[in-house]
Structure formats: structure tokens, C-alpha cells
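We use all heavy atoms of the structure for the numbers below, so side chains are in, but hydrogens, waters and symmetry mates are not.
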Number of protein chains: 2
Amino acid sequence: MRRADFKRKSRVIVVDDNYDHASGIRELINLEQDYEVIANAGNVNVAISLIKKYQPDIVLMDINMPEIDGITAISEIEKLGLKTKIIALTGYDDADLIYRAMKIGAKGYILKTMASAQLIRALDEVTMGKIYLPSVLCSKFFEYFQAAERNEKAYNAAEDEENLLNYLTNREEEVLGLLTEGITYKGVAQQLFISETTVKTHVNNIFQKLQVNDRTQAVLYAINKGFGSRKKAKIA
Amino acid sequence: MRRADFKRKSRVIVVDDNYDHASGIRELINLEQDYEVIANAGNVNVAISLIKKYQPDIVLMDINMPEIDGITAISEIEKLGLKTKIIALTGYDDADLIYRAMKIGAKGYILKTMASAQLIRALDEVTMGKIYLPSVLCSKFFEYFQAAERNEKAYNAAEDEENLLNYLTNREEEVLGLLTEGITYKGVAQQLFISETTVKTHVNNIFQKLQVNDRTQAVLYAINKGFGSRKKAKIA
DNA sequence: CTTAAACTAAATCTTTAGATTTAGAACTTA
DNA sequence: TAAGTTCTAAATCTAAAGATTTAGTTTAAG
């Protein structure tokens, strides 16, 4: 899986507040013909300026660091929008950490306790544009991921008892749609080419069907039930 | 990784509309001392009633089936709330399919083209409560997952230009909080033990700061900016 | 052919909402 | 101490919002 010799070495920056550990990794990586460590960083701020300056191919990021944590650091680096790929590195296989690191864009995640072969393997895979997560960690990730999804579902299911929106007529839905954009009776009347009194009639019917007393409550009900789903009314 | 002999065999149901393929898997699994296929199902409806009846330990679910697709099927089975673990099975490594299957709770995902050892490995891992996703598919999953997260971020970033909510005073935030529950001036006044005119003053200041004209727009602005974030005002 | 929704609209009336101005008390900061 | 914020409150309006009743069309269902 080694790349041909005529390709330049992949440039790596190691971020770890433990100097000894960083040095160990550096030496380990420099033994490989395909990689070279171009810098070490002992804290996040130094790391970010080095990364901005050198735009390395890969960053090995220790997650457990003082001041700014590694997760935040990854997030910051991702914001730079470089091609730099980040591999997270920790001592423990905390599901939450793995989930968060992968969520914000880490391309790999390995444990410090893993064999050095794992590290090189991770570098190889990530260099080839893949994502590397050892199966143990992969399993951990999914525990967390699926638990999170289940919570989402349970959360939404709670308000799925009965959706009063289903009782609305087409016209009433249209009117409600305009209400959820913060438009007045007059405005709705103009947009639908009907009189203001008609709008009032519709709105009153909507209130009764949704069992609310005013437009604010109607709008809140509609939004909570996912009315208009992903459009999110724009104000400003 | 085989379990001790005194433990009963894990009971497996195979769901696949291709009878030959299902039979092949059945024979393959029955060669293992730890597993036995207790039923085959050629379509989703049969599968679900069999699963309800036998509550197997594992379901091997082909995703590409006529009528109801396998993803929906997994979702339906998960809704039953059984201990049954589902392993998805497809011909292609479609990132979207993998993502959706894992998202709704599949405990494993393997390709039909993979060696039979992979299948047994998946059964073993899943039986032990882990999640099994071969590294190739794991990588595919994360491509999709991270792309989805990036889109989320981009979506939210668009309205992060400036959050006018930051200019609100504490009291104004309180008032806005009550407005986002659909409460009237009088109601807010009672809850905060202040006069109605004071509430009006606050509300007017809120309108100016949020650059809106009425409470509906203020509430919409607040919700869009994540005011109260995950609480979602309850009406009804 | 009749019944029942659904959409339309008017009239009337009460209640909130919202704009605007002014101002006192408490607290903070230069 | 003076200036500035924040929270409080009142008075006075105007403009919306909302409740209620009645009623004429149209269209689909029986």
C-alpha cells in the first residue's frame, strides 16, 4: 500500500502536549519512507498557526490537552478549509469523544495504546482519502450514534400522539403557512387574493382545530409538528 | 470467539426475496455450531410476522427487495422493541444505504460479495453485542456521515451572520421566553410580577433590537436562532 | 336531488397588541 | 459625582387581532 517513490512524502504535524510522546511518534513516523514529521506542537494555538503556515497533509491530534481541548481544536482546523486531514489520538476509547471527533470531521481515530502498525495503517488509509477507524472504535462510535438517533426518535415520537394539523383544509394550511412567516391579516389577504374578513374566518377555524387562542400559539404548534419542515421561515 | 457449548444456539431468520440466495446463506450458517437458521422469509410482511412469532436473536435482512424496501423493514422491526439484532445485506456498497441502515439501528452491514467468513464474523460480533461494519463500509459510512454534518453546519452558518438575541438584556430574554410560549401581555405580567405596561415596554424594546414588527416575528426569530434550543415550547 | 364540506364575505364588537413619550429607582462604571 | 444601563411604570393612542353570527357560492358525495 506504499506509494511510488517519485511521489513526495506526506507532511505530518504532531500535536501533543506531552513532548516525549510527540517525539516518539515523530521518530516512528520518520522511519517510514512515505511520511515525514515537519513539526511538533505542544498546544493548540501553536498547532493552528503551524498548520496555517505549512498546510500539512496530515495532523495527528492528541485530544487530551490542557486549555483548549482537542475536539475544539479539530473544529477550528476544519474551519480553515484546508486539505489537511486530521487523525485523532487519545488514551481511552470514550464513545462520546469518538463520536464528536468523527462528527466534526476527523478522518481517523486511534488509541495511543494501539500498536505502531495501526498508526502507519491509519496514515496510509487517510492519505488515500479513506477514513480509518479500528473496528473496536467503530463499534464504540455506533453505540453512541445509534443511541443518539434513538433519543431523537423518542423525542419526536412523544409529540406524535395526534397531529391536529391533519384536520386543516388546504386553504387553511395555506393561511397557516403565511401566519408562520409572521404576516398580518391584511398581508395574507393580499397574497391569497381574498378579503381580510375571509382570512379572519380561516384563522378562526384554524384556532379551533388546533385548539389554540391566538396566532402565536398556532405558529408554535405548527412549527413543533414540523409544519413546513425544513424551510425555516426567514425573517430579517 | 465461539461461545461455549452449553449455551444454546443463536436463532437466525434470513430475509431475502431470492430463494436460492437465502438457501445458500441458510446452509452456510447451519454449518456453524453456534447458529441455526430457524426460518426464511421471502418478503417483508412474512418476515415481520415470523420475527414477532419467534423473536430470533438475529435477522439477516436483504436491503434490495420489491414492494417494501429493506430500510423500511428494519425500521419496522426496530419499532417492535425486541432484542432481535439486524444485520443488513446488500449487493453494493452504497454510502447512502449504509448510512440509513446504521442510523435506524442495524447492528451490522455486509456485502453479498464478501467471503462467507465475513458473515460468520458479523454474526459473532453482533451476538456479543458489538456492531460489525467492515472497514471498507465503515469508510463509506463516514463519507456520508461527515458530508451530512457539513451540510448541517453550512445550513446553520448561513444564519449565524449576527445573532441579535445577544443584545437583549436578561429581563428581555425572560420576556421573550414567555412570548415563545404563546403567552399574552397580561400573562407575562402575572408571571414576572410586573405591570402590563412594563411588559409592553420590554416587548417593544425586544422588537427594536430584533428588528421585527410583532410578537410572531419575534418568536420566529428566536426559534430560528435557537433560543431555548432544545426545549421546544409545548402548547396544547 | 339533497346533504355536507369548503371557501368566500360582511357586519359588529371586544380585546389585545403595539407605538410613543415621559420618568423614577437601582445599579454600574468612568 | 456624573453618565449610562436596566428595570420599572404610566398615559395615550391607533391599529390589529380575535369572537361571533349570518350567509352566499361551489364542489364533492350520497
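- Between B:Lys200 and the phosphate of C:dA19, there is no side-chain N or O to OP1/OP2 separation shorter than 4.0 Å.
- Across all their heavy atoms, A:Ala73 and A:Met61 have their closest contact at CB-CE, 3.9 Å.
- No side-chain donor-acceptor contact under 3.5 Å links B:Asp17 to the backbone of B:Asn43.
- Applying the 6.0 Å contact sphere to CG of A:Asn166 captures more than 12 heavy atoms from other residues, nucleotides or ligands.
- Residue B:Thr198 is in base contact, counting any heavy-atom pair closer than 4.0 Å across all strands shown.
- The CD-C1' distance, from A:Glu172 to C:dA5, rounds to 11 Å in whole Å.
- Atoms CG (A:Leu168) and C1' (C:dC7) sit 14 Å apart, rounded to a whole Å.
- Atom CZ in B:Phe207 sits about 6 Å away from atom P in C:dA19, given to the nearest Å.
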Review point. Which is it for A:Glu76 and A:Val44 under the side chain to side chain contact (heavy atoms under 4.5 Å, CB included) test, yes or no, and what are the steps along the way?
Key: CA-CA 10 Å; A:Glu76 293 295 321; A:Val44 172; 5.9 Å; no
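- Nucleotides of DNA chain D that come within less than 4.0 Å of any heavy atom of chain B span, from the 5' end to the 3' end, D:dT6 to D:dA10.
- Of the candidates B:Ile87, B:Val59, B:Ile63, B:Ile63 is the only one forming a side-chain contact (heavy atoms from CB on, under 4.5 Å) with B:Ile74.
- With the nearest nucleotide of DNA chain D identified for both A:Gln208 and A:Tyr185, A:Tyr185 has the one nearer the 5' end.
- In this structure, CG of A:Asn204 is placed 13 Å from C1' of C:dT15, rounded to the nearest angstrom.
- Between B:Phe145 and A:Phe145, the ring planes lie perpendicular to each other; the angle is over 60°, past the 30° to 60° tilted range.
- The C1' atoms of five pairs define one axis at each end of the helix from C:dC1-D:dG30 to C:dA30-D:dT1, and these two axes lie 50° apart (to 10°).
- Across every non-hydrogen atom of A:Gln217 and B:Gly182, the tightest pair is NE2-O, 2.9 Å.
- In this structure, the ring of A:Phe141 has its center no less than 6.0 angstrom from the ring center of A:Tyr109.
- Salt bridge status for B:Asp16 with B:Lys112: present, with a side-chain N to carboxylate O gap under 4.0 Å.
- For A:Lys186 and C:dG18, the NZ to P distance is 15 Å, given to the nearest whole Å.
- Rounded to an integer number of Å, the gap from B:Arg215 CZ to C:dA17 P is 4 Å.
- Looking at heavy-atom distances under 4.0 Å, B:Thr197 makes contact with a base.
- Nearest-nucleotide assignment on DNA chain D puts the 5′-proximal partner with B:Asn205, out of B:Asn205 and A:Thr201.
- Proximity of A:His202 to the phosphate of C:dT8: a side-chain N or O atom is located under 4.0 Å from OP1 or OP2.
- Using a 4.0 Å heavy-atom distance criterion, B:Thr184 is classed as a sugar-phosphate-only contact.
- Protein atom CG of B:Leu179 is 13 Å distant from nucleotide atom C1' of C:dT16, rounded to whole Å.
- For A:Phe193 and C:dA9, the CZ to P distance is 12 Å, given to the nearest whole Å.
- Geometrically, A:Arg215 engages A:Tyr185 in a cation-pi contact, judged by NZ or CZ lying under 6.0 Å from the ring centre and within 45° of the ring axis.
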